[in-house]
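Presented below is the structure to which this report refers.
Numbering starts at 1 and runs along the sequence shown.
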Amino acid sequence: MRNVPVDEMDWIDRAVLAIGTDYPPRHLLAFHRHRRAQLLYGATGTMQVETADGSWTVPPRRAVLIPPGTDHQVLMDDVSTRSLYLEPSAVPWFPPRCRVVGVSPLLRELLLAAVDVPPEYDRHGRDGALMELIRHEIRNLAPLPFDLPLPARADLRNLCEAFQAAPNIRESPAEWAADLGFSARTFNRVFRAETGLSFQQWRQRACLLHAIRLLSAGRTVTQVAAALAYDTPAAFSVMFRKQSGTTPSSFQPR
């Protein structure tokens with residue numbers, strides 16, 4: 001199925017439904033939820049998923065697992081998706097929180113094929129076997145560190161969301177503490193309590209995820225390093241490899 005709202009198909013008695021959808025640049029899917037668990041795969045483009053407690057950056061050819069009943073919004077940047085909607089009872093091992101995952105070449109081909117399967121497929125035929133194999137493949141997907149926790153406290157969340165839009169590795173916690181009227185000690189305590197990370201850890205993660213979005217959009221390593229205020233492209237690349245386990249060039253368009 002392609003470009004069909006899942007709500008029109010949710011009644012179908014199948015453990016797995018597959019829908020392919022094409023989105024224009026910078027398209028925002030406002031906050032919504034699904035009864036089923038969802039695997040949202042981006043064949044092209046970059047996605048940013050946000051919930052009440054965090055943000056997840058999904059580079060091209062990766063996926064995000066979204067638990068059933070989770071309120072979320074998705075910013076699509078010229079994305080072509082392949083979504084699986086899974087009955088919760090069929091995936092009792094699904095994570096309780098969103099998770100970005102790597103997608104193997106096998107699963108990628110299965111996802112591309114799944115959207116051409118009739119919605120009321122024969123459970124005991126070839127199409128049923130394909131969907132069952134997909135379910136087994138999902139269970140073994142490797143998580144990727146592309147999430148950014150967001151605070152519940154409104155004033156701090158506003159600062160975090162503004163920083164996400166234009167991160168700078170040189171921004172100091174003292175500036176944020178002053179904006180909030182906190183001492184440095186109070187700010188550091190509140191920030192860790194709200195996000196689970198120190199300000200420096202959170203700032204570096206935000207810069208990494210913004211860099212992935214810029215690289216996926218075709219920006220050069222030099223341009224991205226400058227945008228994040230790194231002294232040199234080499235310094236940026238060292239941080240990127242340490243945090244992501246791979247090089248910046250691996251996220252650039254092929």
Side-chain angles (χ1 to χ4, degrees), residues 2-7 19-34 36-85 95 97-103 111 115 141 143-152 154 156-168 171 195 197 202-219 223-224 227-228 240 243-244 248 250-253:
R2 296 177 185 272
N3 298 307
V4 177
V6 66
D7 291 344
I19 299 175
T21 309
D22 300 318
Y23 294 96
R26 307 301 293 174
H27 180 78
L28 179 66
L29 287 177
F31 275 98
H32 63 289
R33 63 170 62 187
H34 306 296
R36 295 173 180 247
Q38 182 184 13
L39 179 147
L40 179 59
Y41 168 74
T44 63
T46 302
M47 299 179 286
Q48 188 170 346
V49 177
E50 186 172 325
T51 71
D53 64 346
S55 173
W56 289 260
T57 294
V58 190
R61 300 177 301 281
R62 278 82 170 180
V64 59
L65 304 181
I66 303 173
T70 299
D71 288 313
H72 63 285
Q73 71 173 13
V74 188
L75 180 61
M76 305 281 190
D77 200 355
D78 203 16
V79 175
S80 179
T81 67
R82 304 293 183 269
S83 278
L84 299 179
Y85 297 92
R97 189 170 181 266
C98 291
R99 177 186 297 172
V100 179
V101 292
V103 175
L111 291 170
V115 297
L141 294 177
L144 298 172
F146 296 160
D147 63 298
L148 187 70
L150 293 174
L156 183 56
R157 188 179 182 110
N158 288 338
L159 289 176
C160 287
E161 290 181 340
F163 185 83
Q164 272 189 284
N168 183 321
E171 194 153 335
T195 67
L197 300 173
W202 188 92
R203 179 184 61 191
Q204 190 169 67
R205 178 78 64 85
C207 286
L208 170 72
L209 299 181
H210 191 69
I212 288 172
R213 293 191 287 271
L214 294 179
L215 291 164
S216 299
R219 301 281 289 274
Q223 290 170 331
V224 175
L228 297 175
F240 195 98
Q243 292 294 311
S244 70
S250 67
F251 289 92
Q252 292 176 309

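- Remark: Y85 OH to L40 CG distance equals 7.0 Å, nearest 0.5 Å.
- A pairwise comparison of heavy atoms in T70 and P67 identifies OG1-O, 3.1 Å as the closest pair.
- Taken from CZ in R97 to CD1 in I66, the straight-line distance is 13.0 Å, to the nearest 0.5 Å.
- Take D78 and apply the salt bridge (Lys or Arg N to Asp or Glu O under 4.0 Å) test, not counting sequence neighbours, and it matches no residue.
- The shortest side-chain heavy-atom distance between L150 and W202 falls under the 4.5 Å cut-off.
- Closest heavy-atom contact between T51 and H72: CG2-CB, 4.0 Å.
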(message) Apply side-chain contact (heavy atoms from CB on, under 4.5 Å) to residues Y23 and L29 and explain how you reach the verdict.
(response) CA-CA 10 Å; Y23 294 96; L29 287 177; 3.7 Å; yes

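- Side-chain contact between Q223 and L214 is absent, with no heavy atoms from C-beta onward closer than 4.5 Å.
- In this structure, T81 contributes its side chain and T21 its backbone to a donor-acceptor pair below 3.5 Å.
- Inter-residue side-chain proximity for L39 and L141 is flagged as met; some heavy-atom pair is nearer than 4.5 Å.
- Closest of all the heavy-atom pairs between L148 and A206 is CD1-N, 3.8 Å.
- Counting heavy atoms from C-beta outward, R205 and D147 have side chains that approach closer than 4.5 Å.
- In terms of modelled atom types and a separation under 3.5 Å, the side chain of T46 and the main chain of D77 share no donor-acceptor contact.
- F146 and F251 have perpendicular rings, their planes meeting at more than 60° on a 0 to 90° scale where under 30° would count as parallel.
- Each side chain to side chain donor-acceptor pair (under 3.5 Å) pair with one or both residues in residues 54-66, not counting sequence neighbours, appears once here: Q48-S55, S55-Q164, T57-R213.
- Distance NE2/H34 to CG/D71: 10.5 Å, rounded to 0.5 Å.
- You'll find the side chain of L197 stays beyond 4.5 Å of the side chain of Q204, heavy atoms only.
- Between P143 and R99 the shortest heavy-atom distance is CB-CD, 3.6 Å.
- Closest approach of S80 and T44 over heavy atoms only: N-OG1, 3.1 Å.
- Across all non-hydrogen atoms, the minimal contact from V115 to G20 is CG1-N, 3.5 Å.
- A donor-acceptor pair under 3.5 Å is absent between the side-chain atoms of R82 and the main chain of A43, judged by distance alone.
- Interatomic distance, CG of D53 versus SG of C98, reported as 7.5 Å (0.5 Å rounding).
- Listed for the Q38 side chain is no donor-acceptor partner under 3.5 Å among the backbone atoms of L84.
- Between atom SG of residue C207 and atom CD of residue E171 there is a gap of 9.0 Å, rounded to the nearest 0.5 Å.
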